[in-house]
Protein chains: 2
Amino acid sequence: MTRQTVTIKELAKELGISKSTVSRALRDSSEIGAETKARVLELARARHYTPNPFALSLLNHRTYSIGVIVPDISNPFFSSVIGGIEDVAYQRGYQVMIFQSHDVYEREVSGTRHIASRRVDGLLVSIASGTLEHNHFRELAENGIPIVFFDRAVEEIQTHKVLVDDYGGAFQATEHLIREGCRRIAHIAGHLSLAISRNRAQGYKDALIKYGLEVRDEWIVTGDFRHEVGADAAYQLMALKQRPDAIFAASDRIAIGAHAALRQLGYKMPADVALMGFSDLAFSSLIDPPLSTMVQPTFEMGRQSAELLLDMIETKKPHMFYETRVLKPELMVRESSRKGGKWIEPTGFEIQD
Amino acid sequence: MTRQTVTIKELAKELGISKSTVSRALRDSSEIGAETKARVLELARARHYTPNPFALSLLNHRTYSIGVIVPDISNPFFSSVIGGIEDVAYQRGYQVMIFQSHDVYEREVSGTRHIASRRVDGLLVSIASGTLEHNHFRELAENGIPIVFFDRAVEEIQTHKVLVDDYGGAFQATEHLIREGCRRIAHIAGHLSLAISRNRAQGYKDALIKYGLEVRDEWIVTGDFRHEVGADAAYQLMALKQRPDAIFAASDRIAIGAHAALRQLGYKMPADVALMGFSDLAFSSLIDPPLSTMVQPTFEMGRQSAELLLDMIETKKPHMFYETRVLKPELMVRESSRKGGKWIEPTGFEIQD
DNA sequence: CTGAAAGCGCTTACAG
DNA sequence: CTGAAAGCGCTTACAG
């Protein structure tokens with residue numbers, strides 16, 4: 001099962017010139033005669049020559065590959081971010097290596113080591129919810145491997161970060177519910193080890209406070225981002241003597257679970273309970289009533305993260321300061337929170353996929 | 001920005017022995033003295049030595065990496081298959097390189113070349129719906145690069161394939177609708193350039209024929225796998241003078257689009273129209289009424305594909321015959337097709353994510 | 001049991 | 001303008 005790939009040596013022999021000359025001609029060096037250059041290029045094309053990337057890596061101490069560590073690529077949020085990363089990476093000639101932590105600390109550590117042993121030029125990371133200790137990243141950073149965090153960052157590590165304004169987004173979502181007339185607003189939070197969850201919860205609380213509304217502990221349920229949590233939390237909230245008249249879920253997945261539970265329990269949205277999510281899944285617009293949410297710029301987040309990382313890789317100088325970019329989520333009002341609106345509108349057709 | 005990674009040379013100098021000895025000790029060669037071996041291993045561990053994979057690749061003409069070409073990783077079907085692939089690959093010491101064709105022929109071709117120039121040891125492919133010509137894969141195969149196709153295969157290329165029994169699954173889905181009492185069953189098909197779409201359509205037709213039901217052209221709408229297609233098709237079907245009393249969609253995404261449209265139009269499922277999908281998306285169980293579907297063994301498909309590929313890579317002998325594995329999808333009956341059933345059941349909690 | 005040498009595919013000072 | 005040589009990090013016959 002031998003692969004026949006042409007090498008510079010073979011091209012040289014066939015042309016009766018030296019390897020050095022072939023190599024220089026291929027790289028369009030100015031010190032090679034035009035005629036020689038033409039002959040080399042022609043043969044290289046005919047033979048489908050492509051340089052062996054491993055030989056180059058060995059020489060340059062560069063691999064032209066970057067690693068990406070995310071909880072889960074089947075999560076649409078991450079697969080869209082990865083789309084943005086690949087967009088930039090391929091354009092600039094880099095290969096992308098993806099590793100999933102499945103939100104488990106040990107997997108994140110072993111994935112990080114594995115990817116590092118593959119000598120990637122840099123790393124793009126969104127940490128696992130189970131990660132509380134960050135030496136595996138710190139080690140790399142200290143070894144001079146550039147890291148950029150996106151969405152879920154390690155606050156204590158100094159490097160570029162690309163985040164979403166979770167606090168502001170949650171504030172805006174809650175404010176929207178208030179303006180629609182809701183007064184007893186509950187929140188279903190994600191895993192509190194993650195800053196994104198804490199920030200969203202804080203934005204929610206501060207909006208309530210700003211409008212002089214009650215912040216009740218029993219109206220704040222904490223779990224993680226799965227839809228099962230949303231359903232359980234909805235049961236729990238609606239069983240309270242003091243029922244909420246709105247629920248702001250920290251993610252669309254949570255919200256969709258809550259949505260199903262609320263329907264089952266016989267509540268009308270938004271008349272009985274208004275509902276909002278965070279993230280905008282493809283199907284959030286297709287459920288009945290369609291789910292209001294905060295749209296996150298996922299693809300753009302991937303693009304910007306990759307750009308920052310590649311810039312870091314390609315500048316020789318050490319970095320003096322690091323940038324934290326905060327992208328704005330956008331309010332997307334649909335029927336689940338439009339009080340007094342009627343839900344039947346042609347929907348689901350102008351929605352992005 | 002120089003990376004400091006220890007090399008064998010440095011270890012050798014520090015220990016005052018030769019590179020050869022270090023190398024052999026590291027590989028646990030039997031010709032090295034126990035004491036020397038211990039000293040080498042200890043230092044290697046202390047210095048966090050990891051062999052440079054590029055040097056090894058150069059030597060072995062092996063990269064221990066495989067390429068995966070899929071239409072779109074944000075499609076849950078593919079991200080789950082990729083999960084299975086990575087499971088096997090990492091376990092057997094291989095790196096996975098993913099490339100998305102976005103269902104565009106040109107992208108698939110350039111992705112294939114790109115991945116090939118990275119010298120992967122083998123390729124796992126699910127072709128783009130826009131691909132009608134397959135020389136880019138044939139070239140690789142002829143160069144001795146093993147390829148395994150999954151789900152969407154190129155029929156004319158002789159190699160291992162892992163498929164789903166789309167014909168049988170569609171037959172079973174249609175039969176289920178018939179047994180529930182439906183008599184005017186429509187089908188919304190995927191892109192007909194894909195065998196999976198044609199096979200599903202054929203299974204649908206043959207089931208109708210077997211039960212002596214009418215196969216009407218106007219009840220078969222063809223598009224692609226997007227939910228927009230499902231919605232448009234539902235409008236079209238329900239506008240017919242002869243309305244169907246059931247719709248079998250070739251994918252859950254199509255079905256979810258149809259589901260939203262049917263609700264909007266005021267139809268009750270399954271009383272007015274029964275609905276079935278194919279694939280089982282995470283959210284198919286969370287819509288109201290929950291969607292019946294054929295569950296595909298996606299993770300298992302990824303696992304088996306990767307195993308076949310790695311076996312091919314690791315056996316030296318040329319392959320004499322190739323295997324086509326056909327995995328069975330499983331009927332998952334939910335409320336959208338359970339005629340006479342009442343939908344309210346605790347749902348969405350025992351569902352896989 | 002250990003070392004010197006050649007070579008995987010490539011680039012680049014150094015000569016000419 | 002072109003070639004011979006060294007070297008990136010590693011392994012492995014070939015000597016001893």
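The model shown is predicted, which means the values in this text are computed figures rather than measured ones. A note on names: the letters A, B, ... follow the listed sequences, proteins ahead of strands, and every chain is numbered from 1.
- Across C/dC1, D/dG3, C/dC10, the shortest atom-to-atom separation from the side chain of A/S18 is found for D/dG3.
- In this structure, B/I32 atom CD1 and D/dT12 atom P are separated by 12 Å, rounded to whole Å.
- The partner of C/dC14 is D/dG3, by the rule that a Watson-Crick or G-U pair needs both atom distances under 3.5 Å.
- The aromatic rings of B/Y90 and A/F99 sit tilted, their planes meeting at an angle between 30° and 60°.
- A sub-4.0 Å separation between OP1 or OP2 of D/dG7 and a side-chain N or O of B/K9 is absent.
- Residue-level contact check: A/K19 touches the bases, meaning some heavy atom is under 4.0 Å from a base atom.
- Using a 4.0 Å heavy-atom cutoff across all strands shown, B/S57 reaches no nucleic acid atom at all.
- Atom name C1', nucleotides C/dG16 and C/dT12: the rounded distance is 16 Å, in whole Å.
- Of the two residues near DNA chain D, B/T21 and B/L58, the one whose nearest nucleotide lies more 5' is B/L58.
- In this structure, B/I8 reaches the sugar-phosphate backbone alone: every heavy-atom distance under 4.0 Å involves primed, P, OP1 or OP2 atoms, never a base.
- Taking atom CZ of residue A/F54 and atom C1' of nucleotide C/dT11, one finds them 18 Å apart after rounding to whole Å.
- The side chain of A/R24 sits closest to D/dG3 out of D/dT2, C/dG9, D/dG3.
- The side chain of B/S20 sits closest to C/dA5 out of C/dT12, C/dA5, D/dC14.
- Judged by distance alone, with hydrogens and angles left aside, the side-chain atoms of A/S305 form a donor-acceptor pair with the main-chain N or O of A/M301 at under 3.5 Å.
- Checked against C/dC10, D/dT12, D/dG9, the side chain of B/N52 finds its nearest nucleotide in D/dG9.
- Nucleotide C/dG9 holds its P atom 12 Å from the CG atom of B/N60, rounded to whole Å.
- Separating the OH atom of A/Y49 from the P atom of C/dG9 is a distance of 10 Å, rounded to the nearest angstrom.
- Between A/R62 atom CZ and C/dT11 atom C1' the separation is 16 Å, expressed in whole Å.
- A cation-pi arrangement is not found for A/R45 relative to A/Y49, the charged atom failing to lie both closer than 6.0 Å to the ring centre and inside a 45° cone about the ring normal.
- Residue B/R39 places its CZ atom among 12 or fewer non-hydrogen atoms of other residues, nucleotides or ligands, all under 6.0 Å distant.
- The shortest distance between the side-chain N/O atoms of B/T36 and the OP1/OP2 oxygens of C/dT2 is below 4.0 Å.
- Screening A/L310, A/I66, A/L309, A/L308 for a side-chain contact (heavy atoms from CB on, under 4.5 Å) involving A/V88 leaves a single residue, A/L310.
- Among the nucleotides C/dT12, C/dA4, C/dG9, the one closest to any side-chain atom of A/R27 is C/dT12.
- Taking atom CG of residue B/L26 and atom P of nucleotide D/dT12, one finds them 12 Å apart after rounding to whole Å.
- What separates CG of B/L56 from P of C/dC8 is a distance of 16 Å, to the nearest Å.
- At a threshold of 4.0 angstrom between heavy atoms, the contacts of A/L59 include nucleobase atoms, whether or not backbone atoms are also involved.
- Comparing D/dC10, C/dT2, D/dG3 by their closest approach to the side chain of B/P51 singles out D/dC10.
- When distances are taken from the side chain of B/I17 to each of D/dG3, C/dG9, C/dG3, the shortest belongs to C/dG3.
- For an aromatic pair to be called close, the ring centres must be under 6.0 Å apart, and B/H160 with B/F321 fails this.
- The gap from the P atom of C/dG7 to that of D/dA4 amounts to 16 Å, rounded to the nearest Å.
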